[in-house]
Amino acid sequence: MPSRIIVARELAEIYKVLSHPDRIRLIEELRAGEVDVNTLHERLDLPASRVSQHLALLRIHRLVEERREGRHVFYHLTQPALADWIVGGLTFIEGRMVDQSDHRRDVVEVRKLWSTDASA
């Protein structure tokens, strides 16, 4: 039984790290590959300092890695399947929105956007 405890703790830690909307959006932006901080800041319409703070936390938990090229810092997912895992969670969210057709359309739109990003 100790192995189940260890695995449950690891999963809980990952869920905690993913539990911020900005970090989920960052992961989906990194789905297609390496992106620099300035591009992420522009795409997500977030302050660059906030993007950097979120990326630092994701890096500490080994969900992203960085590569430096001069003054530019590029990030990529250590395990790109993480982005697929998040898209898979959209099915769960959709099922919870039985009487909320407007929100269900949002989920469909996001799934389409994030799935398209993967092939871009």
Point to revise | Evaluation steps, side chain to side chain contact (heavy atoms under 4.5 Å, CB included), between L44 and D22 | key: CA-CA 8 Å; L44 298 174; D22 292 344; over 6 Å; no
Review point. Under the salt bridge (charged side-chain N to carboxylate O under 4.0 Å, His left out) criterion, do K16 and E13 qualify, and how do the steps go?
Key: CA-CA 5 Å; K16 277 195 285 187; E13 192 64 33; 3.4 Å; yes
Rounded to the nearest 0.5 Å, how far does [atom2] of [Y] lie from [atom1] of [X]?
X	Y	atom1	atom2	value
L57	L18	CG	CG	9.5 Å
L46	H54	CG	NE2	6.5 Å
E94	R111	CD	CZ	4.5 Å
H20	Q53	NE2	CD	10.0 Å
L82	L30	CG	CG	10.0 Å

Point to revise | Polar side-chain atom of R31 near backbone of W114 as donor-acceptor pair, under 3.5 Å | key: yes
Review point. For L26 and V51, which heavy atoms make the closest approach, and how far apart are they?
Key: CD2-CG1, 4.0 Å
Revision key, fill the gap. Looking only at heavy atoms, the pair that brings V37 and A48 closest together is CG1-O, 4.3 Å
Check your understanding: How far apart are the C-alpha atoms of L40 and L55, what are their side-chain angles, what is the distance that settles it, and do they pass the side chain to side chain contact (heavy atoms under 4.5 Å, CB included) test?
Key -> CA-CA 10 Å; L40 290 167; L55 287 168; 3.8 Å; yes
Practice item. State whether the number of non-hydrogen atoms from other residues, nucleotides or ligands found under 6.0 Å of R67 atom CZ is greater than 12. Key: yes
Is it true that [X] and [Y] fall in one hydrophobic cluster, defined by side-chain heavy atoms closer than 4.5 Å?
X	Y	result
V87	V35	yes
L77	L113	yes
I14	L90	yes
L63	L11	yes
V17	V7	yes

Review point. Would R25 and E28 pass as an ion pair if we require N to O under 4.0 Å?
Key: no
Review point. Quick check, are the ring centers of W85 and Y15 under 6.0 angstrom apart?
Key: yes
Practice item. Only pairs at least two apart or in different chains count here, so list each side-chain hydrogen bond (donor to acceptor under 3.5 Å, both in side chains) that has a residue in residues 72-81. Key: E65-H76, E66-Y75
